[in-house]
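Let me begin by presenting the structure, written as structure tokens, before commenting on it.
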Amino acid sequence: MNPRTARRDVAVTGLGLLTPAGIGAADCWEALCAGRSAAAPDPALEDLPTNFSCRVPGFDPDAELTRRTARGLDRFAQLALVAARDAVADAGLDPRTWDGARVGVVVGNSLGGTETWERQHRELLENGLRRVSPMSVPMAMVNMVAGAVSTDLHALGPSIVPATACASGTLAIGLARDLLLAGTCDIVVAGGAEAALTPFVVGGLSRLGGLSVRTDSPGTASRPFDRDRDGFVAAEGAGMVVLERAEDVVARGGRIRSRVIGFGSSCDAHHPTSPEPGSAGVERAIRASLADAGICGREVDHVNAHGTSTPLNDVAEASVIRKVYGDRPLVTSTKGVTGHALGAAGAIEAAFTVLAMEHKAVPPTANVNVLDPGIDVDVVTEGPRNRALQVATSHSFGFGGHNAVLVLGAA
Amino acid sequence: MTTPITLDDLRRDVADTLVDEFGVARAAIDFTATYDEMGIDSLVVLELAMVIESKHRIKVTEQELSEAHTLDGVVELLGAKREVTA
């Protein structure tokens, strides 16, 4: 372990992944390495200009959670709950025996229970108030994702939902790290969840001009860093991690999968949806994360980029990567496979970055046929690239100008 | 004119709805127990009423449901509002 990072030694001990690439780390990693895009026509979106999305394959909430639990939760909370349980089990922890008062939950989310809002609003307009479920509001509230996880896991400490759009999941892990360093918690279950593949949300993103319209070939629509990219593909999913102070993990004989060694965040304070020209806000977040970790950009081996596949983001982000890290890091955007899971994306990608460090390999960015000539960084394409990874970063940027960056270290 | 329905039909509907929609174990359903004793909270009772209302076109208020106390009470309430055959 780098002695400079000792004072900030927080370990990742468990992962829970329900993503369009698959359920569980093994399925996800296989799909990422194969560069297999999850984008497919989506019947719920059939009348929209972008009628495809990336959904979590084979997710059956009734089977995973029982009908009784599942029916009281919107899909974003269902995904979070299963991912949280998986992460805790992966960490070798048991909520029946832990001191719940020392356990925190931080779950990033962007849009709340959109399926519930839309379904119940339709009931109100078409059939009147008496057909509106009394559970409508509690199911749709953004905070309910953390409330549900805390309740299920008997986690009695802080329970928080940071909402910074597509940076939410990354911010959640950063805040969780701080809860451990401050001594507020001994265990934090953290991550992000999103399930907003509804006509209103996806239609609204279409109106904004953010989505790919490659309707003749959804599987090649999410193509970060490619010359012919035309927008992102909306996705759903949940990624959760368990964080503990490394010394506590050693004391209990647990397994350290990775370390959170730095975190930084910033706001562009520029525009609701457009990246700031010159990307000063993004650069501030990256540099803050590196300063927090006590390292310089050239020490970073791998960057899991925000890499949305929008024309504006990818070229601007690559330019900042080149400026801050130089030409050394292997850069990938796993959104080529998963699409963009909004508030869950950063947490899912942090977990993917842990997997990359464990496998000593960076998965390729899917669908890069011709690298954008304006991009001058080492983007991994075609197949996974093997390299021992000591330090990696994961970038997330969101509407509102929110930027968040995690620095992860090898176990 | 509504279709004749028996209290047993309503009782079966309530039980099926609790099992199918709310995941309550069939063996755990006790029509004489209070909502609390059954582990059913007031929101579940409200939602249960919504399902029954929609199926049988019966209107019940929250107040009436809360005063019913037990599933037997709910069935009687629904039955009283609906033409039932003994």
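Quick note: numbers below take in every heavy atom, side chains included, and nothing from hydrogens, waters or symmetry partners. Quick note on labels: first sequence line is chain A, next is B, and so on, each numbered from 1.
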Legend entry - Region of A:Thr66 in contact with chain B, defined by heavy-atom distances below 4.5 Å: neither

Inset, instruction - Verify the neighbour count for atom CZ of A:Phe200: are there more than 12 heavy atoms of other residues, nucleotides or ligands below 6.0 Å? - result: no

Inset, instruction - Check whether any side-chain N or O of A:Arg131 sits under 3.5 Å from a backbone N or O of B:Met50 as a donor-acceptor pair, and report yes or no. - result: yes

Inset, instruction - To the nearest 0.5 Å, tell me how far A:Arg130 CZ sits from B:Glu53 CD. - result: 4.0 Å

Inset, instruction - Inspect the surroundings of CZ in B:Arg26 and state if more than 12 heavy atoms from other residues, nucleotides or ligands are less than 6.0 Å away. - result: yes

Inset, instruction - Supply the atom-to-atom distance A:Arg71 CZ to B:Asp20 CG, rounded to the nearest 0.5 angstrom. - result: 10.5 Å

Legend entry - Least distance between heavy atoms, A:Arg68 atom then B:Gly39 atom: NH2-O, 3.1 Å

